[in-house]
Undergrad: 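Can you keep this structure in mind? I'll have questions shortly.
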Amino acid sequence: MTVPFMAWLNQVSFGPRRLFQALAWGAVAAVGNGAITMESLAIVPADPGPGGTAPVRPFRLDQVQLGSGLLQEKRDRIKGFLREYDERRFLVLFNNQAGRTNPSNVSPPGGWEDGGLLSGHWTGHFMTALSQAYTEQGDELFKTKLDWIVDELASCQDAITARMDGKAGSGDADWIPTHPGYLGALPEDTVLRLGPPRWAVYGSNPDTNTWAPWYTQHKIMRGLLDAYYNTNNSQALDVVTKMAEWAHLALTIGDKNHAGYTGNLTRDDLNYMWDLYIGGEFGGANEVFPEIYQLTGDARHLDTAKAFDNRESLFGAAVDDRDILVVTPDKIPGRRRPERLHANTHVPQFIGYMRVYEHSGEEEYFTAAKNFYSWVVPHREFATGGVGGNYPGSNSNLELFQNRDNIGNAEGGAETCTTYNVIKLARNLFLHDHNATYMDDYERGLFNQIAASRADTSITSDPQLTYFQPLTPGASREYDNTGTCCGGTGQESHTKYQETIYLRSADGSALWVNLYVPSTLTWAEKGFTVKQETAFPRADTAKFTVTGKGPLDIKLRVPAWARKGFQVTINGNAQPGEQPQPGTYLTLSRTWQTGDVIDVKMPLSIRVERALDRPDTQALKWGPVLLQILGTPSGTSGSFWQLSLYRYLKRDGDYARAAVTQTGKTAAGDPLFTAKNGSLSVRPYYISDTQAVSSYFRRVEPQVVFGTIDAGVANRKRNDGLPRYDVPVSGITSPGTDGPTFLDVVWDQAPFATHAAFVKAVTSTADAFVAAGVYTAKERDAIVAKADLAERELAPV
């Protein structure tokens with residue numbers, strides 16, 4: 001019998017909460033749709049931390065070590081910052097609230113960490129980064145810094161709670177807490193005032209406004225939990241548990257000491273809070289409380305997580321799969337939400353819903369997260385893996401979602417920490433729904449926007465991280481971001497590159513290889529070590545050497561971009577069976593022996609990726625990596641480079657053969673290219689400096705040509721009704737009349753094994769264009785005749 005696990009769970013005679021404490025429901029065989037065969041279900045203890053009850057689970061960070069390569073270089077640069085930065089600066093504002101003294105020569109970090117209404121969040125990011133930097137290589141300096149911060153925060157928490165006796169402190173500490181356990185760099189009141197009876201709104205007045213108080217609480221709590229998970233700091237668990245107990249009181253009893261207090265918070269109150277622009281941003285606060293519930297067994301913490309449900313305007317729509325991320329003014333749901341939702345406010349909410357699902361078994365949380373993700377990817381994701389930006393007629397806020405399917409007419413750029421959260425959500429969904437598409441998207445975001453977010457410099461005075469990564473043609477990146485959200489998540493991203501390279505089935509029967517990154521996995525529980533040697537994405541091969549004996553399924557991801565084949569040998573012997581299909585996993589089932597070697601070759605090729613809404617707006621891709629054009633296009637601001645490339649293609653459709661050719665390498669081994677049209681310099685997106693670059697270009701192919709043979713017919717577009725926007729874009733007719741050109745449709749069918757196959761494709765495409773009224777029969781005949789004559793022109797050399 002094969003049934004979906006959660007459906008089975010609802011039939012059992014005991015509650016899912018009790019079951020989840022004892023069961024890792026990944027100890028199963030998953031079929032393609034994510035269902036689970038109950039014959040293989042086994043009782044397996046849950047693991048602590050994110051994904052700890054999933055069918056596929058993460059390895060601890062200390063089980064995987066990076067080898068030399070691109071990601072190691074990025075990691076080491078941010079570790080240089082962590083090593084040099086004075087951790088005492090993080091405690092200044094916390095000490096002020098606790099009534100404790102500070103060294104006279106130490107100041108807060110600055111930026112958003114200057115005593116303003118978001119102060120404290122960077123401390124959490126820094127703790128997470130320190131814990132991750134320590135756990136991989138065991139550098140005691142990072143643990144020493146982290147242990148000191150945790151100990152100081154514990155003292156601050158105790159000092160604030162001690163004032164529950166009614167004796168206020170002095171200076172910044174001249175306030176009495178409402179509930180025990182509060183910890184922050186700002187007064188407790190800045191959190192409580194978000195709710196009733198005051199309903200504070202986003203602003204800069206320290207006495208009446210708020211920024212994103214629960215966002216800050218989340219970052220501190222996340223940092224403490226990571227300190228516990230990654231360095232076994234039990235004091236961190238004690239502090240975060242007290243914070244969670246305080247949060248439960250704050251979200252149930254609320255602001256009880258205020259003169260206008262009328263009683264406990266209701267579901268309606270909470271809904272109203274979370275719909276407030278920015279002020280209602282809580283990061284992924286709902287992710288930490290289920291984890292604390294798992295660690296403590298205290299069910300109040302799971303209830304606290306559910307208090308963050310955005311029930312009024314988004315959660316139900318996500319369950320029902322109604323995309324309302326951007327709406328017209330007449331269709332705004334709820335009392336407070338704006339027309340366009342803030343991207344990095346809402347993506348983390350669904351990471352939290354996944355955590356609630358993992359520890360409650362309530363299916364609607366998983367459904368909501370899966371549907372929400374499908375609204376973002378591919379409908380709002382750029383070739384960089386970024387999300388967000390403006391569009392004509394919008395309110396010019398780059399941090400908000402763009403309307404659905406608007407890529408070609410979007411403007412501006414994307415916030416780096418939104419990508420951090422999008423790939424985090426993709427990873428978490430994959431743990432439960434093993435669709436390779438999630439990992440394809442994870443790879444896209446990781447090797448582009450995340451890897452590119454750290455400058456290729458040795459500067460350690462600031463983190464040298466990006467906030468927005470611009471998409472405007474000829475724009476350049478800016479690096480620094482002390483105290484900002486992206487300056488915080490960036491520290492985390494570059495110290496946990498190893499977290500998704502490998503995953504494992506809960507019962508230990510399978511190893512999932514998701515990323516091609518030089519690394520060594522030590523799986524002591526199974527008695528296996530796997531060493532991966534690769535220069536990817538600078539090269540297209542990977543070698544895996546196995547140490548250990550026994551049966552194991554090794555599942556290799558076949559990337560969606562691997563269109564020129566995916567060759568695998570074991571000990572030099574090719575594997576029988578059909579050619580692995582891009583966008584899947586290839587399972588190697590075997591009883592392994594020490595010294596077994598798996599060799600993988602996945603030829604990198606250049607392809608184009610078209611915008612969903614405007615096919616002539618395109619990006620060049622080298623495997624998963626976006627290639628940017630160097631320099632500033634001529635014309636007015638925002639003008640695009642224009643490329644004509646079809647004349648250079650051969651029958652195999654490989655752009656790298658002649659249209660965009662590799663002409664060299666950087667000292668680090670990064671490939672450098674030249675586009676024939678205009679001899680433009682092209683390079684990988686992850687190269688991080690301040691040169692002017694363009695991610696997208698405009699494809700200009702006016703005539704139907706086959707090599708140098710001109711058919712004498714215009715290369716017309718098929719009317720696919722593009723764009724089709726759900727929300728209007730000023731100056732753009734929707735639905736429109738845009739679509740791919742004739743040559744787009746022909747070359748989408750490449751490679752062609754023979755010239756006859758090519759002519760056949762040209763003929764059938766031309767017939768379709770005649771039927772659609774795009775070409776006349778005479779024009780079709782001219783096109784087919786010239787295609788037939790182009791055999792020598794198109795023969796691969």
Side-chain angles (χ1 to χ4, degrees), residues 56-72 75 136-137 427 430 434 436 439-440 442-443 446-447 496-505 507-562 564-604 623-624 669:
V56 172
R57 299 184 185 176
F59 287 98
R60 298 188 315 272
L61 290 180
D62 65 347
Q63 292 179 276
V64 183
Q65 288 200 327
L66 288 184
S68 299
L70 171 67
L71 300 187
Q72 163 265 321
R75 178 204 67 188
E136 181 187 1
Q137 296 177 309
R427 175 183 189 259
F430 179 84
H434 322 313
M439 284 301 163
D440 284 325
Y442 187 99
E443 180 185 57
L446 186 74
F447 281 107
K496 64 171 184 176
Y497 278 125
Q498 73 270 39
E499 73 169 358
T500 309
I501 301 172
Y502 310 101
L503 299 170
R504 60 185 174 84
S505 62
D507 65 352
S509 64
L511 172 66
W512 299 72
V513 180
N514 308 298
L515 299 172
Y516 296 96
V517 175
S519 54
T520 300
L521 165 68
T522 302
W523 193 358
E525 297 87 345
K526 288 284 290 184
F528 279 105
T529 298
V530 177
K531 181 178 182 180
Q532 179 181 171
E533 299 171 85
T534 180
F536 187 86
R538 294 164 172 158
D540 60 5
T541 61
K543 174 183 176 182
F544 298 85
T545 302
V546 177
T547 301
K549 297 181 180 181
L552 181 68
D553 287 350
I554 296 182
K555 296 177 178 288
L556 302 174
R557 185 173 67 90
V558 185
W561 50 261
K564 295 182 67 177
F566 187 84
Q567 294 86 42
V568 177
T569 65
I570 300 178
N571 300 330
N573 300 312
Q575 296 307 290
E578 297 182 1
Q579 174 68 26
Q581 294 301 303
T584 64
Y585 279 81
L586 172 66
T587 301
L588 306 177
S589 295
R590 180 182 177 92
T591 297
W592 300 90
Q593 302 291 329
T594 293
D596 283 344
V597 173
I598 305 167
D599 284 298
V600 176
K601 184 170 179 59
M602 41 193 163
L604 292 162

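The shown structure was predicted, so the numbers you read here are calculated from the model rather than taken from an experiment. Each residue takes its place number in the sequence, starting with 1.
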Undergrad: In terms of side-chain heavy atoms, does Y502 have a donor or acceptor partner in Q63 at a distance below 3.5 Å?
TA: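 Absent: no donor and acceptor within the cut-off.
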Undergrad: In Å, rounded to the nearest 0.5 Å, how long is the span from OG1 of T520 to CD of Q532?
TA: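 Here the interatomic distance stands at 9.0 Å.
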Undergrad: State the CZ-CG distance between F536 and L71, to the nearest 0.5 angstrom.
TA: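 If we round to the nearest 0.5 Å, F536:CZ and L71:CG are 10.0 Å apart.
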Undergrad: Please examine the side chains of F430 and Y442, heavy atoms only from C-beta on, and report whether any two atoms are closer than 4.5 Å.
TA: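 No, side chains not in contact.
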Undergrad: Begin with the C-alpha distance, continue with both residues' side-chain angles, and end with the deciding distance and a verdict on side-chain contact (heavy atoms from CB on, under 4.5 Å) for I598 and V530.
TA: CA-CA 10 Å; I598 305 167; V530 177; over 6 Å; no
Undergrad: At what distance, to the nearest 0.5 angstrom, does CD of E499 lie from CG of N514?
TA: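 One gets 11.0 Å once the value is rounded to the nearest 0.5 Å.
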Undergrad: Apply side-chain contact (heavy atoms from CB on, under 4.5 Å) to residues L521 and F528 and explain how you reach the verdict.
TA: CA-CA 8 Å; L521 165 68; F528 279 105; over 6 Å; no
Undergrad: Can you find a side-chain donor-acceptor pair between D540 and Y516 that sits under 3.5 Å?
TA: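 Their side chains do not contain a donor-acceptor pair, so the 3.5 Å distance test is not met.
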Undergrad: Counting only heavy atoms not in K531, do more than 12 sit closer than 6.0 Å to its NZ atom?
TA: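 Incorrect, the count does not exceed 12.
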Undergrad: Has D553 got a side-chain atom pairing as donor or acceptor with T587's backbone, closer than 3.5 angstrom?
TA: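 No; judged by distance alone, with no hydrogens or angles, the pair does not exist.
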Undergrad: Relative to the ring of W523, is the ring of F59 parallel (under 30°), tilted (30 to 60°) or perpendicular (over 60°)?
TA: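 Perpendicular.
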Undergrad: Using a strict cut-off of less than 4.0 Å between a Lys/Arg side-chain nitrogen and an Asp/Glu carboxylate oxygen, indicate whether E525 and R60 qualify as a salt bridge.
TA: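 Salt bridge: yes.
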